[in-house]
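In what follows, a single structure is set out as structure tokens and then discussed.
Positions are given from 1, in the same order as the sequence printed here. Values below: all heavy atoms of this structure, side chains included; hydrogens, waters and symmetry mates excluded. Not measured: the values here are computed from a predicted model.
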Amino acid sequence: MTQVQSAGAKLRQAIAAENPLQIVGTINAYTAMMAERVGHKALYLSGAGVANASFGLPDLGMTSLNDVCEDIRRITGATDVPLLVDADTGWGGAFNISRTVKEMTRAGAAGFHIEDQVAQKRCGHRPNKEIVSQEEMVDRVKASVDARTDDQFLIMARTDALQQEGLQSAIERSQACVEAGADAIFAEAVTTLEEYKAFTDALNVPVLANITEFGATPLFNKEELAGVGVDLVLYPLSAFRAMNKAALNVYQNILQDGDQKAVVDSMQTRAELYDFLNYHDFEEKLDALFKK
Ligand SMILES: C[C@](O)(C(=O)O)[C@H](CC(=O)O)C(=O)O
Ligand SMILES: [Mg+2]
């Protein structure tokens, strides 16, 4: 009998196999399929991405658990690669966080990260973030661990404390989260390799570096990050940002030129699109089933 591996187990296996594991943001099911096809071993659903792309909203804690679960289901329905999900602050107290774990697991997520910002959160790379006490964050982690229905579901604690309270506090918070059962730590808005090393030296669980563009963190290479003990490297919105610029260019050109000839070379062709979708397999099935 073949053992069916849970999404969480797959993510843990990928973390063990890759050094470091690169995790790419996939804003929708189709981009997730492309990332899978080119060989990525782990995918990410960004909270900012859900807010921006699915709702046209800023990343300020305005989307809900259901909003995110809808996008999780779409992506996990289209790929087999494990998906790490941004759970923001967990959307409330212990019982809300419990629902977040259970619903995300049911939707097919492999794990989530939950952060120590206040509910009225901001992007981790913006000024004037506010964080909750260490005790409150530890309670969030405890509630998450207690709610697990699959013991392989990965619970990652994110600390946004570096900006306001400094490195020592951010590390202490991370240690307290690990003590409470966190499987991994997301060190947010880190600015130097030395700081990453301080996190990885102090912790005995995988540490994630968020290499998001146009933020506080330089675009360190995965080798540099592996050199300071980082296990997971996140590119949450890289493809999304590129897609946005490409789309804007097309919209502008169609208006300016009256046709799309100048930008057609920048487009994925119909043949390429169909290839990623396995379109022809579907069509053959249709022909075989309903041949006239
Ligand atoms: C990782 C992140 O939480 C996200 O929602 O993708 C964002 C990314 C970004 O805004 O660049 C964050 O770092 O807060
Ligand atoms: Mg986020």
Side-chain angles (χ1 to χ4, degrees), residues 8 11-12 14-16 18-23 42 44 46-47 82-90 97 100-101 104 109-117 121 123-125 129 131-146 148 151-212 215-217 220 222 224-236:
L11 180 58
R12 285 166 192 263
I15 295 171
E18 306 283 319
N19 183 30
L21 176 66
Q22 294 179 292
I23 309 178
Y44 179 69
S46 152
L83 181 71
L84 176 70
V85 178
D86 184 350
D88 287 345
T89 61
I97 290 169
T100 298
V101 172
M104 285 194 176
F112 75 11
H113 64 77
I114 184 162
E115 73 204 29
D116 58 2
Q117 287 201 51
K121 62 149 291 162
C123 157
H125 293 254
K129 291 186 289 184
I131 50 179
V132 298
S133 69
Q134 182 171 310
E135 292 67 35
E136 191 168 339
M137 178 55 187
V138 164
D139 285 348
R140 287 180 186 174
V141 173
K142 280 188 190 161
S144 307
V145 172
D146 180 68
R148 254 195 304 228
D151 64 1
Q152 300 292 295
F153 185 84
L154 191 99
I155 289 166
M156 180 182 289
R158 161 170 151 176
T159 183
D160 281 71
L162 186 63
Q163 187 187 83
Q164 264 204 358
E165 296 190 347
L167 183 61
Q168 222 32 57
S169 162
I171 290 174
E172 274 165 31
R173 279 170 175 260
S174 304
Q175 286 170 325
C177 290
V178 172
E179 194 95 335
D183 300 304
I185 292 297
F186 181 140
E188 177 62 313
V190 169
T191 56
T192 66
L193 290 171
E194 292 68 35
E195 285 169 336
Y196 280 123
K197 183 147 175 27
F199 271 97
T200 62
D201 281 350
L203 298 164
N204 57 1
V205 297
V207 171
L208 178 140
N210 177 17
I211 308 299
T212 190
T217 309
F220 295 122
K222 70 167 188 171
E224 291 175 286
L225 291 163
V228 290
V230 166
D231 299 278
L232 305 156
V233 187
L234 181 65
Y235 311 86

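Applying the salt bridge (Lys or Arg N to Asp or Glu O under 4.0 Å) rule to E136 yields the partners R140; only residues at least two apart in sequence or on another chain are considered. For D146, there are no side chain to side chain donor-acceptor pair (under 3.5 Å) partners two or more places apart in sequence or in a different chain. By the side chain to side chain donor-acceptor pair (under 3.5 Å) test, K142 is found to be paired with no residue, residues two or more places apart in sequence or in another chain being considered. In this view, D116 and R173 satisfy the salt bridge (Lys or Arg N to Asp or Glu O under 4.0 Å) rule, not counting sequence neighbours.
Each side chain to side chain donor-acceptor pair (under 3.5 Å) pair with one or both residues in residues 226-236, not counting sequence neighbours, appears once here: Q22-Y235. Within the structure, the salt bridge (Lys or Arg N to Asp or Glu O under 4.0 Å) test picks out the following pairs touching residues 184-194 (sequence neighbours left out): R158-E188.
Inter-residue side-chain proximity for I185 and C177 is flagged as met; some heavy-atom pair is nearer than 4.5 Å. Counting only heavy atoms from C-beta outward, the side chains of E224 and V230 never approach each other to under 4.5 Å. You'll find the side chain of I171 stays beyond 4.5 Å of the side chain of T159, heavy atoms only. Looking only at side-chain heavy atoms (C-beta outward), I23 and L208 come within less than 4.5 Å of each other. Residues L154 and I15 form a side-chain contact, since some pair of their non-hydrogen atoms from C-beta on lies under 4.5 Å apart.
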Between L162 and L167, is the side chain to side chain contact (heavy atoms under 4.5 Å, CB included) condition met? List the steps. CA-CA 5 Å; L162 186 63; L167 183 61; 4.0 Å; yes

Side chain to side chain contact (heavy atoms under 4.5 Å, CB included) evaluation trace for V228 with F199: CA-CA 9 Å; V228 290; F199 271 97; over 6 Å; no

Do T212 and L234 pass the side chain to side chain contact (heavy atoms under 4.5 Å, CB included) test, and can you show the C-alpha distance, the side-chain angles, and the key distance before you say yes or no? CA-CA 7 Å; T212 190; L234 181 65; over 6 Å; no

Test log, rule side chain to side chain contact (heavy atoms under 4.5 Å, CB included), inputs K129 and K121: CA-CA 7 Å; K129 291 186 289 184; K121 62 149 291 162; over 6 Å; no

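Around the CD atom of Q164, the shell of radius 6.0 Å holds more than 12 heavy atoms that belong to other residues, nucleotides or ligands.
A pairwise comparison of heavy atoms in M104 and F153 identifies CB-CZ, 4.4 Å as the closest pair. For L11 against A110, the heavy-atom pair with the smallest separation is CB-CB, 3.7 Å. The minimum heavy-atom distance between A176 and V138, with the atom names listed, is CB-CG2, 3.7 Å. Residue A170 comes nearest to A161 through the heavy atom pair CA-CB, 4.1 Å, listed as atom of the first residue, atom of the second, then distance. Considering all non-hydrogen atoms of both residues, A182 and V141 come closest at N-CG1, 3.7 Å. Heavy-atom minimum distance, G47 versus D86: N-OD2, 3.0 Å.
A donor-acceptor pair is defined here as one N or O able to donate and one able to accept, closer than 3.5 Å; no such pair exists between the side chain of D88 and the backbone of G90. Although no hydrogens or angles enter the test, the distance criterion places a donor-acceptor pair under 3.5 Å between the side chain of T217 and the main chain of V190. The backbone N or O of G166 lies less than 3.5 Å from no partner atom in the side chain of S169, so there is not a single donor-acceptor pair.
Aromatic ring orientation, H113 versus Y44: parallel (interplanar angle below 30°, classes split at 30° and 60°).
Of the charged side-chain nitrogens involved, at least one lies within less than 4.0 Å of a carboxylate oxygen, so that R12 and D183 count as a salt-bridged pair.
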